[in-house]
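Small disclaimer: the values here were computed from a predicted structure and weren't measured.
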Amino acid sequence: MLFFLLNEQLFGQQTHVITLEVNNTSKLDKQDVNASCSFGQAPGISNEDYTIQVNKGDIIIWRGVSTNAPSTDVINIDAINHQGGVNVFGVNRLAGNNQDHETVSGEVRQGAPGDVDKYTLSFKVLINGKKFNGTFHIDPKIQVN
């Protein structure tokens, strides 16, 4: 029994919180979303090349923050859509939780080491409670360890 509990602690699921940081929300442009957004990755790594490393059973939570006006601007992550590669969630779309600061979460259910899932993260911006400029999209990746 002790071995099972230790094994569970060593190899149990992890929760990955992925934060989309949006700078200068009032100037966010659909044609160049990447100029105003990042996941906090190292310089030289584009949003499209940003890759989350996960294991089967892990939980991923996507959330958004405004870095220039966090008290008045809200970044709502409203969907994660599978685009190509191995569909690690087993569904084509993960929907937001419809909260005031909307997030999306999903459990990695399938995939072998090295498998990559290309997905689209869709988000909306509220500035002082008003929707700004529709829905924006970024296309990062997930890789299974």
Side-chain angles (χ1 to χ4, degrees), residues 3-127 131-145:
F3 174 77
F4 177 76
L5 291 174
L6 288 174
N7 195 34
E8 183 74 11
Q9 286 182 329
L10 290 174
F11 301 104
Q13 77 179 188
Q14 290 184 348
T15 299
H16 305 269
V17 179
I18 307 304
T19 302
L20 174 66
E21 299 172 347
V22 180
N23 305 309
N24 205 355
T25 50
S26 65
K27 296 196 188 245
L28 189 59
D29 178 11
K30 286 184 182 181
Q31 302 305 314
D32 195 12
V33 167
N34 293 311
S36 298
C37 300
S38 78
F39 297 99
Q41 68 267 32
I45 299 175
S46 69
N47 289 328
E48 287 79 16
D49 289 331
Y50 176 75
T51 304
I52 304 164
Q53 300 289 327
V54 299
N55 295 303
K56 282 174 42 175
D58 285 0
I59 303 292
I60 304 172
I61 300 170
W62 290 268
R63 67 183 196 100
V65 297
S66 166
T67 59
N68 66 297
S71 62
T72 59
D73 298 355
V74 175
I75 310 303
N76 284 327
I77 309 297
D78 64 356
I80 300 296
N81 294 292
H82 172 71
Q83 294 298 315
V86 173
N87 186 340
V88 299
F89 301 110
V91 296
N92 286 328
R93 183 175 191 275
L94 299 172
N97 62 2
N98 294 316
Q99 301 295 314
D100 287 340
H101 291 275
E102 192 167 17
T103 63
V104 173
S105 63
E107 180 179 350
V108 177
R109 298 184 179 270
Q110 54 195 28
D115 284 347
V116 174
D117 184 346
K118 184 75 170 158
Y119 67 96
T120 298
L121 178 148
S122 300
F123 67 99
K124 295 179 180 161
V125 175
L126 300 175
I127 297 177
K131 290 183 183 178
F132 176 75
N133 235 1
T135 302
F136 300 90
H137 306 282
I138 293 182
D139 301 316
K141 302 173 190 171
I142 298 169
Q143 183 172 21
V144 179
N145 291 325

Task: Over all atoms of both residues, closest heavy-atom pair of H137 and S122 - done: ND1-OG, 2.9 Å
Task: Q53 CD to I142 CD1 distance, which is reported to the nearest 0.5 Å - done: 10.5 Å
TODO: Check whether any side-chain heavy atom of V144 lies under 4.5 Å from a side-chain heavy atom of V86, and answer yes or no.
DONE: no
- [ ] Report yes if some heavy atom in the side chain of S26 is under 4.5 Å from a heavy atom in the side chain of I127; otherwise report no.
- [x] yes
Open item on the list: Using side-chain hydrogen bond (donor to acceptor under 3.5 Å, both in side chains), reason through T120 and D139 one step at a time and then give a plain yes or no.
Closed with: CA-CA 4 Å; T120 298; D139 301 316; 2.6 Å; yes
Task: Donor-acceptor contact present, side-chain N68 to main-chain T25, <3.5 Å - done: yes
Open item on the list: N76: which residues meet the side chain to side chain contact (heavy atoms under 4.5 Å, CB included) condition with it, sequence neighbours left out?
Closed with: V74, E102, L126
Task: Donor-acceptor contact present, side-chain T19 to main-chain G64, <3.5 Å - done: no
Open item on the list: Using only atom types and a distance under 3.5 Å, with no angle test, would you say the side chain of Q83 pairs donor to acceptor with the backbone of K118?
Closed with: no
Task: Side-chain (N97) to main-chain (T103) donor-acceptor, under 3.5 angstrom - done: yes
TODO: Would you mind reporting whether Y119 and L94 have side-chain heavy atoms less than 4.5 Å apart?
DONE: no
- [ ] Please check if atom CG in D100 has more than 12 non-hydrogen atoms from other residues, nucleotides or ligands closer than 6.0 Å.
- [x] no
Open item on the list: Are the side chains of R93 and V91 in contact, using a 4.5 Å heavy-atom criterion?
Closed with: no
Open item on the list: Run the side chain to side chain contact (heavy atoms under 4.5 Å, CB included) test against S71 and tell me which residues pass, sequence neighbours left out.
Closed with: none
- [ ] Pick out which of D117, D49, D115 makes a salt bridge (charged side-chain N to carboxylate O under 4.0 Å, His left out) with K141.
- [x] D49
Task: Close side-chain approach of T15 and I61, heavy atoms under 4.5 Å - done: yes
Open item on the list: Can you confirm whether V54 sits close enough to V88 that some side-chain heavy atom of one is under 4.5 Å from a side-chain heavy atom of the other?
Closed with: no
TODO: Give a yes or no answer on whether the side chain of D58 reaches the backbone of N55 with a donor-acceptor pair at less than 3.5 Å.
DONE: yes
TODO: Please confirm whether the backbone N or O of N87 pairs with a side-chain atom of Q110, one donor and one acceptor, at under 3.5 Å?
DONE: yes
Task: Separation of E107 CD from I60 CD1 (nearest 0.5 Å) - done: 10.0 Å
Task: pair F123-I138: side-chain heavy atoms closer than 4.5 Å - done: yes
- [ ] Decide side-chain hydrogen bond (donor to acceptor under 3.5 Å, both in side chains) for N23 and T67; before the verdict, give the C-alpha distance in whole Å, the side-chain angles of both, and the deciding distance to 0.1 Å.
- [x] CA-CA 5 Å; N23 305 309; T67 59; 2.3 Å; yes
Task: Interatomic distance, D78 atom CG to T135 atom OG1 [nearest 0.5 angstrom] - done: 5.5 Å
Task: Heavy-atom side-chain proximity of C37 to F136 below 4.5 angstrom - done: no
Task: Interatomic spacing from CG in L28 to NZ in K124 - rounded to 0.5 Å - done: 14.0 Å
TODO: Please answer whether the main-chain N or O of F39 pairs with a side-chain N or O of Q41 as donor and acceptor at a distance below 3.5 Å.
DONE: yes
